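As the structure is a computational prediction, the values presented were derived from the model and not from experiment. By convention in this document, chain letters (A, B, ...) are assigned in the order of the sequence lines, proteins followed by strands, and residues within each chain are numbered from 1.
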Number of protein chains: 2
Amino acid sequence: MAEKPSRRDQILTAAAELFARHGFHGVGIDDIGAAVGISGPALYRHFRSKDAMLGEMLTSISERLLDGGQARVDAASSPDEALQALIGWHVDFALDDPALITVQMRNLANLTDPDRRRVRALQRRYVEVWVETIRRTVPDFDEPTARAAAHAVFGLINSTPHSAHLDRDQMAALLSRMALASLTPAVVTS
Amino acid sequence: MAEKPSRRDQILTAAAELFARHGFHGVGIDDIGAAVGISGPALYRHFRSKDAMLGEMLTSISERLLDGGQARVDAASSPDEALQALIGWHVDFALDDPALITVQMRNLANLTDPDRRRVRALQRRYVEVWVETIRRTVPDFDEPTARAAAHAVFGLINSTPHSAHLDRDQMAALLSRMALASLTPAVVTS
DNA sequence: CGGGGAGGTTAGCAGCCGTTTACCTAGTCG
DNA sequence: CGACTAGGTAAACGGCTGCTAACCTCCCCG
């Protein structure tokens with residue numbers, strides 16, 4: 001038996017694509033329906049509301065990001081290895097799911113208040129994983145600096161949806177190298 | 001006589017702030033009016049439509065970015081100097097006008113078709129300035145790679161609105177160093 | 001002094017869009 | 001076989017929102 005993408009998931013991926021391209025408010029219920037072959041209000045058999053779709057989309061991506069990142073760090077046997085694993089993880093994610101990454105970056109503001117709190121909390125924890133990993137390999141970064149650097153690296157890696165000129169592997173290599181280099185400036189400058 | 005921020009400009013900066021925070025469709029005409037002390041439809045004395053505000057906002061920022069970048073490159077006396085000047089220019093811009101940078105990154109899709117074409121053209125020219133400058137200092141990047149690297153650096157620098165934990169000067173120094181380091185990975189690795 | 005334009009105001013319309021409702025099928029299972 | 005459920009449809013409603021209309025007031029200038 002093949003893995004069946006359970007309709008809900010079909011809808012979520014289609015909606016993610018549309019949200020990424022046109023923005024949350026720029027996409028109508030009917031558009032989402034049309035994208036999966038059903039039309040309009042049929043979506044309410046699967047989701048309580050349009051907001052609920054965005055909510056589920058963003059909480060699930062935030063959880064995956066956090067869990068995967070944490071796992072990679074835990075599996076590493078040295079700080080340098082941990083940082084490289086973390087970078088690789090985020091790069092893979094951004095390259096494999098550009099729509100989700102885009103939605104997560106741009107549409108936090110469109111969440112319901114409770115959903116936003118949940119997502120924010122997960123994101124904070126993910127950032128914290130990065131901050132700790134960075135500080136272990138770049139000891140001269142204090143905590144606020146490491147946090148700012150982490151956000152900068154996210155921006156660097158998440159830029160991938162805007163430049164699809166390279167093939168996947170080249171892009172992954174480029175982004176990983178740039179991200180790593182951006183985090184180790186003091187090491188080589190005399 | 002002091003420089004008077006001509007109402008139109010007041011409106012544009014207020015609107016930029018709101019668009020950055022809530023997204024184009026998430027902001028009502030009345031919200032923008034309220035932000036400058038007048039209410040609602042009075043805006044139509046200054047702009048033809050809400051779309052026109054976004055259009056003017058984005059074309060003007062794209063022009064400023066391009067002109068300033070080109071000027072900095074022209075004034076430089078060596079490729080390395082040009083790259084550093086370009087980075088410094090973009091960093092300053094992002095730090096001084098975080099709202100505009102955010103709107104430009106996120107709300108391209110909400111433009112009218114002709115406006116979008118104009119803005120896209122300007123952005124392409126700006127990217128081209130970066131690509132040429134990068135390729136002069138990093139000769140082993142081919143053109144598609146340099147373009148992808150440029151977008152990655154934009155993402156890195158434009159991340160600044162999401163992390164205001166550092167003061168302006170520290171942030172500028174951090175972002176400049178990271179950007180420069182991310183673009184010169186091959187130089188130091190043996 | 002008197003009239004015209006610049007820049008406000010409020011009231012109201014028109015259209016879009018998320019959501020609800022009522023109804024219709026297929027399967028499934030006791 | 002009969003009934004319940006999962007999943008779909010089309011129609012209608014209601015609120016929000018961009019924009020227009022009609023009107024009002026300064027202020028400037030001949």
Side-chain angles (χ1 to χ4, degrees), chain A residues 1-58 103 106-116, chain B residues 1-58 103 106-116:
Chain A
M1 330 229 167
E3 306 286 331
K4 47 183 169 184
S6 80
R7 194 102 265 199
R8 274 183 75 89
D9 295 343
Q10 279 185 51
I11 295 172
L12 281 176
T13 56
E17 192 73 34
L18 290 171
F19 290 166
R21 185 147 33 231
H22 308 287
F24 181 69
H25 292 293
V27 176
I29 279 295
D30 293 345
D31 300 325
I32 303 174
V36 295
I38 67 185
S39 236
L43 296 170
Y44 289 81
R45 298 290 164 187
H46 305 276
F47 295 93
R48 209 161 47 295
S49 68
K50 192 187 169 195
D51 296 301
M53 294 186 213
L54 186 64
E56 191 163 325
M57 196 181 299
L58 288 197
V103 174
R106 299 188 180 169
N107 294 15
L108 236 178
N110 300 308
L111 282 173
T112 296
D113 283 335
D115 278 340
R116 182 166 46 247
Chain B
M1 331 229 167
E3 306 286 333
K4 46 184 172 186
S6 81
R7 194 103 265 201
R8 274 182 76 92
D9 296 343
Q10 278 183 53
I11 295 172
L12 281 176
T13 57
E17 192 74 33
L18 290 171
F19 290 166
R21 186 147 34 231
H22 307 289
F24 181 70
H25 292 293
V27 176
I29 278 294
D30 293 345
D31 300 325
I32 303 174
V36 295
I38 69 185
S39 235
L43 295 170
Y44 288 83
R45 299 289 165 185
H46 305 275
F47 295 93
R48 208 151 57 302
S49 69
K50 193 186 167 194
D51 295 304
M53 294 186 214
L54 186 66
E56 191 164 324
M57 195 181 302
L58 288 197
V103 174
R106 298 189 182 169
N107 294 21
L108 237 176
N110 300 308
L111 282 173
T112 296
D113 283 335
D115 278 340
R116 182 167 45 248

Identify the two heavy atoms, one from [X] and one from [Y], that lie closest to each other, and give their separation to 0.1 Å.
X	Y	result
A:Tyr44	A:Lys50	OH-N, 4.4 Å
A:Leu18	A:Ala35	CD1-CB, 4.1 Å
A:Val36	A:Ala14	CG1-CB, 3.8 Å
A:Asn110	A:His25	OD1-NE2, 3.4 Å

Distance, rounded to the nearest Å, where [X] contributes [atom1] and [N] contributes [atom2]:
X	N	atom1	atom2	result
A:Phe24	C:dC17	CZ	P	13 Å
A:Asp51	C:dC17	CG	C1'	13 Å
A:Phe47	D:dG7	CZ	C1'	14 Å
B:Leu43	C:dA6	CG	P	17 Å
B:Leu18	D:dG18	CG	P	12 Å
A:His22	C:dC17	NE2	C1'	16 Å
A:Asp31	C:dC16	CG	C1'	12 Å
A:Ile11	D:dG8	CD1	C1'	12 Å

Can you identify which nucleotide, out of [options], has its nearest atom closest to the [X] side chain?
X	options	value
A:Lys50	C:dG18, D:dT9, D:dC19	C:dG18
A:Ile38	C:dT19, D:dT9, C:dG8	D:dT9
B:Tyr44	D:dG18, C:dT19, D:dG7	D:dG18
B:Pro41	D:dA22, C:dT10, D:dG18	C:dT10

Rounded to the nearest 0.5 Å, the CZ atom of A:Phe19 sits from the CE atom of A:Met57 at a distance of 5.0 Å
Give one of base, sugar-phosphate or nothing for B:Val27, where a contact means two heavy atoms less than 4.0 Å apart.
sugar-phosphate
Assign each of A:Gly28 and A:Arg45 the nucleotide of DNA chain C bearing its closest heavy atom; nearer the 5' end lies the nucleotide of A:Gly28
Side-chain N or O of B:Arg7 closer than 4.0 Å to phosphate OP1/OP2 of C:dG8
yes
Report yes if at least one side-chain N or O of A:His46 is closer than 4.0 Å to OP1 or OP2 of D:dG8; otherwise report no.
yes
